[in-house]
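Just below is one structure, and these are the notes that go with it.
As the structure is a prediction and not an experimental result, all values here were calculated from the model. The chain is numbered in sequence order, starting from 1.
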Amino acid sequence: KKLMSFVGTPSKKIKLNDSSMSSSLEELDLKSLNKFSRQNAALGAETTAKLIKMKVLIVGLRGVGMETAKNLALQGAGAMTLIDTAVVVAKDVGVNFFLRESDIGRVRSEVVAPRLRELNPLCTVAIASALNDTVILNHSAIVITSALPLSELIEINEVCRKHSIPFFYAFTGGVCVNIFVDHGSNHVIHDPDGEKPIQKLISDITPLNSEECLVRYETPEGQIAMAINGGSFEISEVVGIESINNKIYPISHDYKEPVKTVRIPFRYSTELGHQYRFGGVMTEKKVPISYPMKSLAELLKNPGQLVSTDLLTFSEYQQHLAFFATLKFAESNKNKLPAANSKQEAAAVVQIAKDLLASKLVDVEGLEVDDAFVQKYALHAAVELQAMAAFVGGVLAQEVVKVTGKFTPIPGFFHFAAMEALPDEEEGTEVKDVAPRDSPQDELAAVYGWQFVQQLGDLRYFMVGCGALGCEFMKNFALNGVCCGPEGKLFVTDADRIELSNLTRQFLFREHNVGQPKSRAAAAMAQQMNPKFNVEAMELFVGAKSEDVFNDDFWGRLSGVCNALDNMEARIYVDTQCVKYEKSLLESGTMGPSGNVDTICPFKTRTYRDGGDAAEGGGVPMCTLRNFPHLTEHCIEWARDQFELLFVKLGPSCATCLSFLDDNDDGLAMFEQKIREKAASEAGAAFFDIRSVTSLAKVAASPSIGGAAQLAFDLFHFLFRDRILDLQAAFPANSRMVDPK
């Protein structure tokens with residue numbers, strides 16, 4: 001409503017001060033609301049407004065630091081200060097998308113700052129020459145991605161805790177990632193999961209004792225059936241115990257109690273006239289939760305319960321020990337990490353790990369040093385792989401967003417290792433050609449060897465779609481040298497044009513690109529990152545109608561396919577083609593803050609189509625939609641269904657019916673037969689067709705404003721009076737559905 005009132009005055013500002021929003025919510029103008037519309041849908045306008053007033057300090061601008069800064073700029077962070085006085089070297093160009101080979105020898109922060117401003121002109125980007133207390137206290141969050149001495153990290157963390165400034169640290173070495181998060185001892189979560197509130201239908205309420213009652217519930221049709229064990233819920237629409245309504249209760253569930261029941265603190269007494277009759281809805285309410293966090297020094301010794309990231313070998317605690325030992329090694333070697341592929345220095349890290357356990361500096365019950373794991377970790381601790389940097393930058397930026405109270409933070413440490421992605425270790429197959437060549441791909445070669453880098457360069461890949469995921473893929477391909485060799489080529493196609501709302505998540509686009517083809521604009525920007533990137537941009541849909549372009553010869557010469565699509569029809573088609581031509585497929589998708597990825601390999605995995613069913617309860621049954629839309633989402637879907645019926649299908653349907661009468665001598669009989677056939681399976685739809693045809697025919701015979709108004713009047717009463725009266729007659733208030741089983 002507020003938006004509609006300002007449609008004619010785009011210069012005015014809208015103050016989103018709904019009762020559900022805090023007083024700290026900033027004003028957003030119409031352009032900002034348009035630009036961040038997708039983000040507002042996923043995170044909420046209040047979260048976006050808090051981000052706009054946030055000032056973030058980022059220390060270290062190689063891969064992880066730059067990815068984090070990019071993501072925060074796209075999400076609307078109000079100000080960022082960058083600290084990195086190191087000069088650009090060749091290997092930096094392969095991990096930082098804002099660096100070019102022509103920048104080698106210049107100071108990193110001075111090079112990237114103006115290019116970061118282009119991503120979000122509303123974000124103030126400044127440079128600081130040193131990290132000190134004055135700089136720290138001028139910011140609302142601190143992100144450190146450079147390998148500072150461990151003692152200095154602990155000291156900075158304590159300063160941040162003292163002044164309630166969230167502290168974030170990330171370390172990535174080879175295929176291993178370590179993230180530390182500390183929002184301070186006074187952090188409050190306002191929305192723990194970002195999901196829409198759960199709703200349950202109450203089927204019965206019975207007393208338990210003088211202070212509690214037991215509520216039995218059912219899951220509404222169209223929702224995923226899941227048990228609820230805790231939280232706060234508002235109860236409403238209960239008939240028979242009116243005093244229980246419109247209040248928020250903390251709920252609990254004991255495993256000894258029946259399934260689909262919860263306890264609430266309410267005195268149920270027949271003496272007070274309480275007698276449950278029917279009805280009732282339980283709606284989840286997001287209430288503030290205190291979430292105090294521990295310091296870096298405390299969690300280094302014992303990280304507590306870690307986030308599970310390795311369900312095969314459960315290596316999280318082993319990685320914590322390896323991480324601590326690596327920082328200790330650097331601290332005793334003038335802040336230098338173990339040299340890449342140095343077995344001697346890796347062995348020294350293993351010994352430090354043993355000393356940490358022996359001295360109880362790491363005190364985790366039952367933990368013993370896994371020499372092989374720690375050695376693998378240390379061999380590449382000084383190597384920053386671009387793909388891992390992109391991953392860490394996404395996680396770290398999301399953690400910064402949680403400063404707003406949206407979502408539950410990582411509880412201290414997060415350790416992730418992709419050891420399965422390392423080259424085979426069979427005797428005689430070790431990677432040997434790993435020496436640096438003063439190239440952007442030096443660090444990639446340090447792990448996988450130069451032969452692998454060359455193979456990546458000669459790939460012929462097909463990327464379908466060039467939106468948010470497509471931009472990330474193209475950036476990663478360019479920085480890693482994929483399709484950059486003499487035989488390599490990336491084919492990318494996307495028929496869409498760039499919109500203003502795309503700019504908050506599709507970082508290869510700028511405001512001057514609005515209206516341009518996505519594929520061509522993204523290709524041009526990616527080639528600036530790597531001039532050797534061989535890419536052909538197209539503006540075609542991929543489907544049966546474009547098989548004259550995407551023919552047998554095209555598919556047959558591909559090395560693989562990467563999907564960056566937003567619809568199932570295209571996904572299924574590409575999957576079918578990959579099966580037909582025996583090509584690997586990288587499939588992925590996002591929805592709000594959630595995402596998924598599937599790697600599909602011929603003869604090794606199931607196809608995308610056969611990969612699994614969608615989550616149960618993902619749709620509303622049509623009988624519920626048409627007859628009993630009792631929840632908010634039911635009503636929205638019902639309205640969308642009616643819109644489709646009235647403004648998309650009705651015209652062609654009536655034209656088809658009338659054509660029988662106009663073009664055939666036996667048209668009336670054919671029309672009657674058609675309606676009877678439809679009535680056999682969809683009686684309601686057939687009746688609607690008859691009523692629509694007769695009404696439209698009358699109006700068409702003598703078109704007038706009055707006739708159109710009468711048609712709208714009749715339709716309104718049909719939808720909102722006649723159908724409801726019919727339902728009430730068919731299903732009186734005392735009727736019950738009986739299960740025939």
Side-chain angles (χ1 to χ4, degrees), residues 1-5 7 37-38 40-41 196-197 199 201 219-224 236-237 279 281 283 566-569 591-592 614-660 671 674-701 703-733 735 737:
K1 291 179 180 178
K2 294 173 183 176
L3 275 175
M4 290 301 292
S5 66
V7 166
S37 59
R38 307 284 183 93
N40 290 342
K196 64 181 181 181
Q199 281 191 312
L201 302 180
T219 300
E221 290 182 292
Q223 293 187 7
I224 299 174
S236 59
E237 302 180 30
V281 177
T283 304
D566 59 0
N567 68 88
M568 288 301 299
E569 182 181 356
M591 181 176 290
E616 293 182 7
V620 183
M622 289 307 297
C623 58
T624 299
L625 194 64
R626 290 172 178 168
N627 298 328
F628 306 103
H630 50 280
L631 295 179
T632 301
E633 55 263 43
H634 295 169
C635 297
I636 293 172
E637 288 296 328
W638 179 84
R640 292 179 62 179
D641 185 60
Q642 293 300 321
F643 184 90
E644 178 83 7
L645 181 65
L646 294 173
F647 297 103
V648 178
K649 297 179 179 178
L650 180 58
S653 177
C654 290
T656 301
C657 294
L658 292 173
S659 66
F660 283 107
F671 175 68
K674 178 179 174 61
I675 293 298
R676 289 185 180 278
E677 290 174 356
K678 191 167 188 177
S681 58
E682 298 179 88
F687 173 73
F688 188 81
D689 278 356
I690 286 288
R691 187 161 180 168
S692 300
V693 169
T694 53
S695 298
L696 284 179
K698 290 178 181 178
V699 175
S704 67
I705 296 296
Q710 183 64 49
L711 188 62
F713 183 86
D714 292 343
L715 180 62
F716 176 86
H717 283 82
F718 170 68
L719 291 175
F720 301 107
R721 184 193 64 183
D722 300 351
R723 289 181 64 178
I724 294 172
L725 291 174
D726 290 345
L727 278 174
Q728 289 179 331
F731 299 97
S735 64
M737 300 296 292

Problem - Residues forming a ring-ring contact (aromatic ring centres under 6.0 Å, His included) with Phe720, sequence neighbours excluded - result: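 Residues passing ring-ring contact (aromatic ring centres under 6.0 Å, His included) with Phe720: Trp638, Phe716.
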Exercise for the section: Take atom CG of Leu725 as the centre, draw a 6.0 Å sphere, and report whether it contains more than 12 heavy atoms from other residues, nucleotides or ligands. Expected result: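 It does: Leu725 CG has more than 12 such atoms within range.
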Non-hydrogen atoms of [X] and [Y] that approach each other most closely:
X	Y	result
Gly707	Val699	O-CG2, 3.7 Å
Pro220	Leu201	CG-CG, 3.9 Å
Ile224	Thr219	O-CG2, 3.8 Å

Problem - Listed once per pair and sorted, the side chain to side chain donor-acceptor pair (under 3.5 Å) pairs that draw on residues 713-722, sequence neighbours left out - result: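 Residue pairs with at least one partner in residues 713-722: Gln710-Asp714.
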Exercise for the section: Quick one: pull up CD in Gln642 and CG in Leu715 and give me the separation to the nearest 0.5 Å. Expected result: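 Reported to 0.5 Å precision, the distance equals 8.0 Å.
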